[in-house]
Amino acid sequence: MANSILGAGIIGLPYAVARAGFVMGIFLLITLAAVTDWTIRLVVLNAKLSGRESYTEVMHHCFGHWGSAGVSFFQFAFAFGGYVISFLRIDGWKADNRMCAFSVIIGDTIPHVIAYLFPVLAEHAGLRLLVDRRVIIILCTAAVSFPLSLHRDIVKLSKSSGFGKSHNGCEA
């Protein structure tokens, strides 16, 4: 999933630079990289000073129960709130932030691929749901993203990550 999010950001980068202008786009890109680097250094420093290993533990150490609850809420809103925004896309408006980049890519590509491979699905009234953007987003979220997010230990994702990497290698 992280590859999809980063991939969506890279795909959108030329558009962002074009909208900002070349000089301002490069300036903003460098500024954002510097701010991101500084922020990551602060998080690592806080983790070392508090003796904690995860961001949630650091926030719990610094701000108590409300700190860890706040982090958990905002991580949920960041990840799955974007799905709701992407799902409710109206009149061509696209939510181009947060985790919904993954949903937008899935919703905008997979139905067209399925309709191309199986044209009868798009023509049949009952099977048309299988090429509907919203249904595909719900199915991918429920069948792929949600189950993968339930693991408490990220090491357990190594098999699915390896599968994804091998699939990417086959595509190339």
Side-chain angles (χ1 to χ4, degrees), residues 1-49 52-59 62-63 67-68 70-116 131-141 144-146 148-149 154 157-158 160-172:
M1 213 175 337
N3 288 337
S4 297
I5 296 167
L6 294 174
I10 296 299
I11 290 170
L13 193 58
Y15 176 75
V17 171
R19 296 284 294 176
F22 182 74
V23 175
M24 182 57 80
I26 298 300
F27 172 75
L28 290 173
L29 187 62
I30 292 170
T31 303
L32 182 62
V35 169
T36 302
D37 181 63
W38 176 63
T39 305
I40 290 172
R41 289 177 189 272
L42 287 177
V43 170
V44 170
L45 178 65
N46 282 325
K48 285 181 181 179
L49 291 175
R52 303 299 190 260
E53 294 183 9
S54 74
Y55 185 66
T56 306
E57 290 175 356
V58 171
M59 294 304 288
C62 295
F63 298 106
S68 58
V71 167
S72 296
F73 170 76
F74 287 115
Q75 285 177 340
F76 174 80
F78 183 80
F80 293 104
Y83 280 117
V84 174
I85 291 170
S86 173
F87 181 73
L88 297 175
R89 179 174 87 168
I90 300 171
D91 295 331
W93 176 77
K94 291 184 182 179
D96 55 358
N97 57 0
R98 299 187 293 219
M99 184 66 179
C100 68
F102 176 74
S103 295
V104 169
I105 290 171
I106 293 296
D108 288 345
T109 58
I110 299 297
H112 297 293
V113 171
I114 292 173
Y116 178 77
V131 293
D132 184 23
R133 179 180 184 279
R134 292 179 186 96
V135 173
I136 295 297
I137 290 174
I138 289 171
L139 287 175
C140 287
T141 301
V144 179
S145 300
F146 183 67
L148 288 176
S149 69
I154 198 163
L157 294 175
S158 62
S160 58
S161 177
F163 174 74
K165 290 293 182 189
S166 65
H167 180 70
N168 288 344
C170 292
E171 288 177 351

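Below, each value reflects all heavy atoms present in this structure, side chains not excepted, and no hydrogens, waters or symmetry copies.
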Item to complete: Starting at CG of Leu45, measure out to CD1 of Ile40 and round the result to the nearest 0.5 Å.
Response: 13.5 Å

Discussion item. Using every non-hydrogen atom in the two residues, find where Val58 and Ala47 come nearest and quote the distance to one decimal.
Written reply: CG2-CA, 3.6 Å

Worksheet entry | Minimum heavy-atom distance between Cys140 and Ile106, given as atom pair plus value | SG-CG2, 3.5 Å

Item to complete: Start with the C-alpha distance between Met59 and Tyr55, add both sets of side-chain angles, then the distance that settles side chain to side chain contact (heavy atoms under 4.5 Å, CB included), and finish with yes or no.
Response: CA-CA 6 Å; Met59 294 304 288; Tyr55 185 66; 4.0 Å; yes

Practice prompt. Using the side chain to side chain contact (heavy atoms under 4.5 Å, CB included) rule, pick out the option among Val135, Ile136, Ile137 that qualifies with Arg133.
Written response: Ile137

Worksheet item: For the side chain of Asn46 and the backbone of Leu42, is there at least one donor-acceptor N/O pair under 3.5 Å apart?
Response: yes

Discussion item. How long is the straight-line distance from CG of Leu139 back to CZ of Arg134, given to the nearest 0.5 Å?
Written reply: 14.0 Å

Worksheet item: Rounded to the nearest 0.5 Å, what separation is found between the CG atom of Asp37 and the CG atom of Leu32?
Response: 11.0 Å

